[in-house]
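This is a predicted model, so every value here is computed, not measured.
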Amino acid sequence: MKLLEENKKILQITSIAILLIIGAYLRFNGLSNQSLWYDEIVTWSLSNKANLVEVWNEISKENRPPLHQLLYYFVIKYIGENEFALRLPSAVFGTLSILFIYLLAYRLYSFKEAIISAGFMAVFWLPLYYSQEARDYSLLLMLTIGAVYLWIIINENEKRKDKIKSFQVVLFGLLLALLSYTHYFGLFISGLLFIGSLLLLWKNKTFNYRILISYLLALVLYIPWFNSMLFQASKIQSFWIPKPTIKSIYDVIFYIYATEPILFYMILALLFFSILKFIYNLKMKKQNEQSIEFMDADLMLWLWFLLPILIIFIQSLIFKSLFLERYFLICLPPAYILLSRAILQLPIAYYYRYAVAIIMILFIAFDLIYIQDYYNKPVKKTQIREATEFVLANYRMTNDAIIIGYSLQVDLIQDLFHYYFIQKNSSLRLDYFMSSLHLIRDLEEYIENRKPSYIWLIYSEKQPTESLISLVTVHYKFVHGKDLHKAGAYLFRRK
């Protein structure tokens, strides 16, 4: 019997190790394949400062908490600032998320749900994509799973009348603080966990109040950022996210399970079957006068999956919209665990259930690598690197040239162009920046005063307007250019 248990343990460790290796390979492979886009270069720009105080002060003016930028100060200083170095932390956090969701599902259910959930986390497009982007979403995902996992452990200890350990209380408080300092949707998750603790306190009169120390610790640690958070909240009126519609809820769910439409509809069918069975079980418990436990794994996961989407949907209809698909990575862990649970609840023989899960994971991986050609063909990010390389390759043939940058009217947008000039060890910089909000006559006066022999027009995020091109071509003739994905460069010579 002991030998059987040991073999089972070895099988489990081997299985998750294999998935971690596969997940790590998918995440670390091709980190430098595509150019950094604007938001990633903002990560570099905000963290590329002389010290941490400057990073803190700079991020205070933006619309995000500071943890990710503080972390990247050390990344830039000690690892590097090329594409691979800047995306490396996200790949690490994304790989760890595979392990974390495994531990969470194992805690809630069993090894079967755990290994299938980890398989989904390893190969689905969404967690992979944000594991290869120099932004805070991969860290947000990892910390969300970690915080919920520890919250469950603490509450299970209380349910079993076990003593809650001091290190668990402190660690949970630290995780809540880190989560809140990573993203404001992390702060939202921390708030939901706090409400969950209050509900347990209300229901269970013998509730161990020590968990409230965790929230107090997190609150104290968050105080240094509180004024900056209020300042950023005061600027939210200028936020650009459109109001959601009912279809937006469908879009979020599709985004979380992003794959081929046929497979997605199969996933929806599985989830529909699972929620019907869940509702039926609740009804049977009520008829049998059994209490419905708030800590019931199915109930908790469905609330975790759906509540953030519904709450932010309603908030966005009433107030300024915050309904953006990528913000709902916080709902991704329960989505994948519920899908694994739905497969394992199918009314078929157990070996057929495993076959369904394995085929689904293999198909998702095949679709990602071969059908979507994830690492080669799909250009997902603004090709500002390629546009800059085109300018540099041809600039030496153009004496007396100026470089005009055209893009969105956004703070730090000029860093989008300057980053690759710096990375290519070039002394070139924009001579003039133009957006649709700038006056054409100001550029006209600048060109007239400079009277350059050549004009380089490099653009990003949006195509130059007809009025801008018309202005340049009055006295300059188009020589050649290159249009890329959301970026490009044109060369003009004086007539």
Taking [X] for its side chain and [Y] for its backbone only, find out whether a donor-acceptor pair lies under 3.5 Å.
X    : Y    : answer
Y257 : A335 : yes
Y102 : F111 : no
H68  : R135 : yes

Report summary line: Note: I16 and I115 closest approach over all heavy atoms is N-CD1, 3.7 Å
Requested in this report: Measure across P244 and L317 and return the closest heavy-atom pair with its distance rounded to 0.1 Å.
Outcome: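 So the minimum-distance heavy-atom pair works out to O-CD2, 3.5 Å.
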Query raised in the report: When I369 is tested against each of N29, L26, I364 for side-chain contact (heavy atoms from CB on, under 4.5 Å), which residue passes?
Result: L26
Report task. Could you point out which residue of L193, L299, I189, L192 forms a side-chain contact (heavy atoms from CB on, under 4.5 Å) with W304? Result -> I189
Could you tell me whether the side chains of [X] and [Y] share a donor-acceptor contact shorter than 3.5 Å?
X    : Y    : result
D136 : Y181 : no
E461 : S407 : no
W151 : S197 : yes
S190 : S180 : yes
E113 : S110 : yes
E81  : Y419 : no
R385 : S35  : no
S340 : S117 : yes
Q372 : D367 : yes

Report task. Could you tell me if the ring centre of Y336 sits under 6.0 Å from that of F124? Result -> yes
Query raised in the report: Hey, which of F185, Y130, F305 is the one that makes ring-ring contact (aromatic ring centres under 6.0 Å, His included) with F328?
Result: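 Going through F185, Y130, F305 one by one, the ring-ring contact (aromatic ring centres under 6.0 Å, His included) with F328 is satisfied by F185 alone.
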Query raised in the report: Which of these passes salt bridge (charged side-chain N to carboxylate O under 4.0 Å, His left out) with E133: K381, R87, K380?
Result: K381
Distance (rounded to the nearest 0.5 Å) between [X] [atom1] and [Y] [atom2]:
X    : Y    : atom1 : atom2 : result
N63  : M229 : CG    : CE    : 14.0 Å
L282 : D296 : CG    : CG    : 7.0 Å
Q132 : N33  : CD    : CG    : 7.5 Å
I101 : I337 : CD1   : CD1   : 4.5 Å
T144 : L175 : OG1   : CG    : 10.0 Å

Query raised in the report: Do I152 and R107 pass the side chain to side chain contact (heavy atoms under 4.5 Å, CB included) test, and can you show the C-alpha distance, the side-chain angles, and the key distance before you say yes or no?
Result: CA-CA 8 Å; I152 291 170; R107 188 86 188 188; 4.3 Å; yes
Report task. Evaluate the criterion side chain to side chain donor-acceptor pair (under 3.5 Å) for residue pair E54 and Y73; output intermediate values, then yes/no. Result -> CA-CA 10 Å; E54 286 190 22; Y73 167 81; over 6 Å; no
